[in-house]
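Here the structure is a predicted model, which means the values were calculated and not measured. So you know, we letter chains A, B, ... as the sequences are listed, proteins then strands, and number each from 1.
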There are 2 protein chains.
Amino acid sequence: MSVSYAQLQQESPGIFTEACPSRTVLDHVMSKWGVLVLLSLTDGTRRWGELRRSVDGISEKMLATTLRTLAADGIVERTSYPEVPPRVEYSLTPRGVELMERVMPLMSWIQVNADDIVRR
Amino acid sequence: MSVSYAQLQQESPGIFTEACPSRTVLDHVMSKWGVLVLLSLTDGTRRWGELRRSVDGISEKMLATTLRTLAADGIVERTSYPEVPPRVEYSLTPRGVELMERVMPLMSWIQVNADDIVRR
DNA sequence: CGGTATCCGGTACGATACTG
DNA sequence: CAGTATCGTACCGGATACCG
């Protein structure tokens, strides 16, 4: 497991340069809304309306955009049921679960330290 | 250790709402350049010029802005030496080291999976 | 070397209205 | 219910020039 930038670079030179795919993934996952949508999905499958309500302050437009991007990346799965009224459910893919296993420790740390950081 | 959003919320209701400090910290740390600057600093102390060269594509303006924000958050420490020519060094604070310990596993995962995610 | 000041364009984003 | 379409704007971020 890498613990420094130097080690990452040694394993794969050119990592996180502008053209590197890692930069793209980083932008998608760490985007303002991406991480919050993913966080909400760690609870399990959610419907569109549930996501909209659970991610405080997100607009319909950004929810749609974010979900499409993450679905294209294979991190989120979209399942629509041909019913009336329509029902669409979103969940993490196995890859998404793996990703969030790495993100959750960070979120926990932020939760604990945020007050102290912002207050200063 | 929390592994789901539900658990985070149970520990601290209102977490990651718009006004929550966690949102602010998240925005600073996960910003486009913030995470890359921090990543570079995991190697140890770096001078301004080194940072500028190591973070591919960053402008002077954004490097300055990012460093000021992270320094104000107590994540990065700035040390200037009264010499001619001037020398300024940046390093992670203990808090920054703690933070990056949580971020590095994520970066490693992205490094390994990025190609596969973007290619699809 | 290590910045700051200023200008400025693209786009990320929000608000609103509308639809299958 | 689950979106798309359209429009308008704030601000992020790049380019350039300059300073101690």
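- At the phosphate of C:dG3, OP1 or OP2 sits under 4.0 Å from a side-chain N or O atom of B:Arg78.
- Between A:Tyr90 and D:dG3, a side-chain N or O to OP1/OP2 separation shorter than 4.0 Å is present.
- Rounded to whole angstrom, the span from the CE atom of B:Met62 across to the C1' atom of D:dA15 amounts to 14 Å.
- Heavy-atom minimum distance, B:Met107 versus B:Leu39: CE-CD2, 3.7 Å.
- Annotation: of the two residues near DNA chain C, B:Glu18 and B:Glu50, the 5′-most nearest-nucleotide partner is B:Glu50.
- For B:Lys32 and D:dG13, the NZ to C1' distance is 7 Å, given to the nearest whole Å.
- Salt bridge annotation for A:Arg87-A:Glu89: present, with a cationic side-chain nitrogen under 4.0 angstrom from a carboxylate oxygen.
- Residue contacts shown for A:Glu83 are absent, as no nucleic acid heavy atom lies under 4.0 Å away.
- B:Arg87 comes within contact range of the sugar-phosphate backbone alone, with a heavy-atom separation under 4.0 Å but no base atom that close.
- For A:Pro86, whose side chain is taken as the heavy atoms from C-beta onward, the closest listed nucleotide among C:dG20, C:dC1, C:dG2 is C:dG20.
- Checking the phosphate oxygens (OP1, OP2) of C:dC1, no side-chain nitrogen or oxygen of B:Arg52 falls inside 4.0 Å.
- Along DNA chain D, the nucleotide nearest to A:Val88 and the one nearest to A:Lys61 differ in position, and the one closer to the 5' end is contacted by A:Val88.
- Checking A:Leu67 against B:Glu60, the closest nucleotide of DNA chain D that is more toward the 5' end is the one next to A:Leu67.
- Minimum atom distance to the side chain of B:Trp48 is reached by C:dG3, of the listed C:dG3, C:dG14, D:dG13.
- Ion pair B:Arg119/B:Asp116 not flagged as a salt bridge, since none of the NZ, NE, NH1 or NH2 atoms sits closer than 4.0 Å to an Asp/Glu carboxylate oxygen.
- B:Ser40 and B:Ser54 form a side-chain donor-acceptor contact under 3.5 Å, judged by distance and modelled atom types alone.
- Contact annotation for B:Arg47: backbone-only contact, meaning every heavy-atom pair under 4.0 Å involves sugar-phosphate atoms and none involves a base.
- Atom CD of B:Glu89 is separated from atom P of C:dC1 by 15 Å (rounded to the nearest Å).
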